[in-house]
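Inspection log for the structure reproduced underneath, given as structure tokens.
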2 protein chains.
Amino acid sequence: MLKLSRLADYAIVILVKLGEQDGVVTSPALAAITGVPEPTVAKVLKVLSAHGFVLSQRGAKGGYRLARSLADMSVASVIAAVDGQIALTACVGGRECDTGLSCGLCGSWDVINTAIRSTLEGISLESMRPKEACFPVPSQINTLNTTHTVREGA
Amino acid sequence: MLKLSRLADYAIVILVKLGEQDGVVTSPALAAITGVPEPTVAKVLKVLSAHGFVLSQRGAKGGYRLARSLADMSVASVIAAVDGQIALTACVGGRECDTGLSCGLCGSWDVINTAIRSTLEGISLESMRPKEACFPVPSQINTLNTTHTVREGA
DNA sequence: TAATTAAAGACCTGAATGGTCCTGTTTCGG
DNA sequence: CCGAAACAGGACCATTCAGGTCTTTAATTA
């Protein structure tokens, strides 16, 4: 467990990919680049826009671009924006465990949460950029520039 | 997000509480102590037993006791036992992102996962034991020794 | 032998995430 | 001036999975 939500996963991928483009990029274009379904990309971008990670330009020839550099975005901030506060248990504030009166561990969780949070804050999106392709890239990848991503097998 | 599952939460609480008892303790007794529903306590204990965190004794006068000291149990190991491998995304091994061919971030996730894992491995259950009651304890807490935990308000 | 308790697994339920769609608003181009 | 393109902001549905319950079996003790 401790699995990251898929939306947060998408958000990080989208931001990194967006950072590699120049000019504004439309959500359909980002969908083609990332392989994520277009409505989902649009949804994620809306959230990211609301939290100031990307700047949006409406109307024809509109699209999105990064609001600041990838180096200035931490993994923690993106996750928090998409999924809410990073917390490893319901018993966050030291109050009101849902296990009733007898939990007795209340304060201890904050230690864990703080440790996790600072760990993720220390990782920037810039450091998520791969230096090389991590597995063999098929030739179909070139079709991205022309029309659409070919989603094979589905 | 990044919320810990409730089962893992329970497991940690149960282990800590079990460590404070002496002799074998039955699952109904632990349910009374922790306030967690008895079937759930039994379920968690079974998992913990299978992973060697507790020793079980069947039959009449049976029950559970710690297999080793709380200082020798890390938070990471308990979470991994209850919830499986600690991973922040589906794209763990560097292979086969579910976002298709164009993820391109594959290896980068492992950095995050390793960081999180080592953070949690550095925290022992011993350090989760509270030194004092963290919020005012009502007098009903005394009824624990006699019959059952009084779950108020529910 | 009978009572107690853990072991094991099947099964149901409910919440929440993931994903889609619709309508409105803004901007550019003809 | 009008229409197309693209974001904004919801509502909405569906699927998954975690959480929880129940039943049966096996072991131990009195």
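Side chains included, hydrogens not; waters and symmetry mates left out as well; all remaining heavy atoms used. Throughout, a chain's letter reflects where its sequence line sits, starting with A, and its residues are numbered from 1. Keep in mind that what you see is a predicted model, and the values were worked out from it rather than measured.
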Checklist entry - If every non-hydrogen atom of A:Ala31 is compared with every non-hydrogen atom of A:Val36, which pair is closest and at what distance? => result CB-O, 3.3 Å
Checklist entry - Can A:Phe53 and A:Val78 be said to form a side-chain contact (heavy atoms from CB on, under 4.5 Å), step by step? => result CA-CA 8 Å; A:Phe53 289 93; A:Val78 177; 3.9 Å; yes
Item to check | Length of the line joining B:Lys61:NZ and C:dA6:C1', which is rounded to integer Å | outcome: 16 Å
Checklist entry - Are A:Ile123 and A:Ile112 connected in a single hydrophobic cluster, I mean Ile/Leu/Val/Met/Phe/Trp/Tyr linked by side-chain heavy atoms less than 4.5 Å apart? => result yes
Checklist outcome for this item: Considering only heavy side-chain atoms of A:Ser27, the closest of C:dG29, C:dA6, D:dC7 is D:dC7
Checklist entry - Do B:Val75 and B:Leu7 share a hydrophobic cluster, counting only Ile, Leu, Val, Met, Phe, Trp and Tyr and linking them when any side-chain heavy atoms are less than 4.5 Å apart? => result yes
With the criterion being N/O to N/O and under 3.5 Å, what pairs connect the protein with nucleotides 14-19 of chain D, and how long is each?
unit_1	atom_1	unit_2	atom_2	d
D:dG19	OP1	B:Arg6	N	2.4

Next on the checklist: Looking at every non-hydrogen atom in both residues, tell me the closest pair between B:Lys61 and B:Val24 and how far apart they are.
Outcome noted: O-CG2, 3.8 Å
Next on the checklist: Output the rounded distance in Å from OH (B:Tyr64) to P (D:dT28).
Outcome noted: 14 Å
Checklist entry - Which of these passes side chain to side chain contact (heavy atoms under 4.5 Å, CB included) with A:Val41: A:Thr26, A:Ile33, A:Ile14? => result A:Ile14
Checklist entry - Can you list, by residue number, the residues of residues 46-58 of chain B that have a non-hydrogen atom closer than 4.0 angstrom to DNA chain D? => result B:Arg58
Checklist entry - So, for A:Leu120 and A:Ser74, which heavy atoms are closest and what is the spacing to 0.1 Å? => result O-CB, 4.1 Å
Checklist entry - How would you list, by chain and number, every residue that makes a side-chain contact (heavy atoms from CB on, under 4.5 Å) with A:Ser69, sequence neighbours excluded? => result A:Ala71, A:Asp72
